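First up is the structure itself, then whatever we jot down about it.
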2 protein chains.
Amino acid sequence: MKPTKKYGKKIDLALSTWLKLYRAFNSFNKKSNESIKTFGLTQPQFAVIEALGHLGKLKVGELCDKLMVTGGSMTLVLDNVTKLGYVERIFDNQDRRAIYVQLTPKGKILFDKIFKNHAENILKYMSVLNQEEQILLGELLKKLGKSINKI
Amino acid sequence: MKPTKKYGKKIDLALSTWLKLYRAFNSFNKKSNESIKTFGLTQPQFAVIEALGHLGKLKVGELCDKLMVTGGSMTLVLDNVTKLGYVERIFDNQDRRAIYVQLTPKGKILFDKIFKNHAENILKYMSVLNQEEQILLGELLKKLGKSINKI
DNA sequence: AAAAATTATTTTGAGTTAGTAATTATCGAG
DNA sequence: CTCGATAATTACTAACTCAAAATAATTTTT
């Protein structure tokens with residue numbers, strides 16, 4: 001990841017900026033994973049619970065799209081969080097092919113606990129930047145993220 | 001990930017900034033994975049080749065530290081990239097417990113090709129921001145990344 | 001110099017995730 | 001009502017993860 005060779009000024013600046021993005025993300029993500037583990041969850045399991053916590057009832061296929069995994073993988077992850085008692089499948093009478101997935105009461109409690117913790121951590125980490133800096137950073141990142149998706 | 005609930009202004013700003021960081025990183029990472037796949041590599045395999053390409057000969061343990069995985073995982077990943085012919089283990093006469101790992105000529109060729117491609121992509125994606133914006137973004141991210149590591 | 005502790009890596013075992021392809025069940029259009 | 005598309009599961013293969021035990025070499029202690 002470290003750009004030791006010189007590829008030209010513009011490329012070097014781009015690489016170095018990407019490296020900082022990578023590191024900032026990774027440092028945060030590592031911290032995030034620590035708390036996920038203490039709740040006895042894996043990353044994909046956490047991602048499912050987070051998505052359902054924020055977005056409510058979703059179809060299996062919608063979850064696949066959100067989390068960008070195939071159906072075969074999702075079925076297994078759902079089986080695992082279902083075994084843990086956090087999630088349940090409910091059947092749709094409108095379209096009996098579809099299966100909705102939602103948090104159980106136990107799952108909701110976990111989500112609130114995890115996400116509260118998560119939010120507090122984010123605030124703690126973000127607080128090295130003042131509000132103007134956060135807004136500026138957000139704008140730059142948004143511009144960047146959007147452009148990548150267009151390519 | 002989407003902060004639908006209100007937790008207070010400061011937390012909301014922090015969450016929304018983190019969300020943008022997450023999305024920008026993820027969009028890029030997704031693109032990055034696409035090219036990794038076209039070279040027939042997995043992410044951990046790519047990470048090994050990238051580390052060796054940039055840093056040269058490393059001990060197995062040093063690689064573990066860099067990539068933050070345990071020795072057991074690393075042994076398997078190294079076995080796989082060795083089978084592919086990109087990496088070789090070499091033994092150290094100073095300390096015969098230690099094993100160094102380095103790219104083979106075939107591995108070096110692959111690295112150059114991958115990293116050139118990688119660098120070009122990064123430049124392409126970063127170019128929506130002008131140089132001043134990239135520098136500013138880099139500074140904010142660096143400040144952020146550093147602070148997290150201290151916690 | 002022998003014994004004990006530490007270091008470096010591999011081996012083993014159990015579990016999760018990922019993708020692909022085939023299968024089952026349902027839906028919707030003609 | 002049948003055919004093609006859609007939704008999810010099942011079955012299979014492969015890779016990665018960690019933890020704990022095993023092996024081997026080095027360093028420290030006595």
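Note that the coordinates shown come from a computational prediction; the quantities given were computed from them, not determined experimentally.
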Problem set entry | Rounded distance in Å - CG (A:Leu78) to P (D:dT10) | 12 Å

Problem set entry | For chain A, the stretch of DNA chain C it reaches, first to last nucleotide, under 4.0 Å of its heavy atoms | C:dT16 to C:dC27

Problem set entry | Heavy-atom check, side chain of A:Leu84 versus side chain of A:Gln45, under 4.5 Å | yes

Exercise. How are the rings of B:Phe25 and A:Trp18 set to each other: parallel, tilted or perpendicular (split at 30° and 60°)?
Worked result: parallel

Seminar exercise, completed: Between B:Gly72 and B:Asn80, whichever has its closest DNA chain D nucleotide further toward 5' is B:Asn80

Problem set entry | Atom-pair distance (CG on A:Leu63; P on D:dT9), nearest Å | 11 Å

Exercise. Rounded to whole angstroms, how far apart are CG on A:Asp79 and P on D:dA8?
Worked result: 14 Å

For this session: Identify whether any heavy atom of A:Gln45 sits under 4.0 Å from a base atom; if not, whether one sits that close to sugar-phosphate; answer base, sugar-phosphate or nothing.
Result: sugar-phosphate

For this session: For B:Gly61, report the nucleic acid contact type (base, sugar-phosphate, nothing); a contact means any heavy atom under 4.0 Å.
Result: sugar-phosphate

Exercise. Do the side-chain N or O atoms of A:Arg97 get closer than 4.0 angstrom to the phosphate oxygens (OP1, OP2) of D:dA5?
Worked result: no

For this session: Please work out if B:Glu62 contacts a base, only the sugar-phosphate, or nothing of the nucleic acid, heavy-atom cut-off 4.0 Å.
Result: nothing

For this session: Describe, in one word, how the ring planes of A:Phe111 and A:Phe115 are oriented to each other, choosing from parallel (under 30°), tilted (30 to 60°) and perpendicular (over 60°).
Result: parallel

Seminar exercise, completed: Sorted by position of nearest nucleotide on DNA chain D, 5' first, the leading residue of A:Ala98 and A:Lys37 is A:Ala98

For this session: Determine, step by step, whether B:Lys116 and B:Glu120 satisfy the salt bridge (charged side-chain N to carboxylate O under 4.0 Å, His left out) criterion, reporting the C-alpha distance in whole Å, the side-chain angles of both residues, the deciding distance to 0.1 Å, and the verdict.
Result: CA-CA 6 Å; B:Lys116 192 168 166 286; B:Glu120 281 162 3; 3.1 Å; yes

Exercise. Which part of the nucleic acid does B:Thr42 contact within heavy-atom distance under 4.0 Å: base, sugar-phosphate only, or nothing?
Worked result: sugar-phosphate

Exercise. Base, sugar-phosphate, or nothing: which does A:Ser73 touch, judged by heavy atoms less than 4.0 Å apart?
Worked result: base

Exercise. Where the side chain of B:Leu76 is defined as all heavy atoms beyond and including C-beta, which of D:dT9, D:dC16, D:dA19 is the nearest nucleotide?
Worked result: D:dC16

For this session: In whole angstrom, give the distance that lies between atom CD of B:Gln94 and atom P of D:dT27.
Result: 10 Å

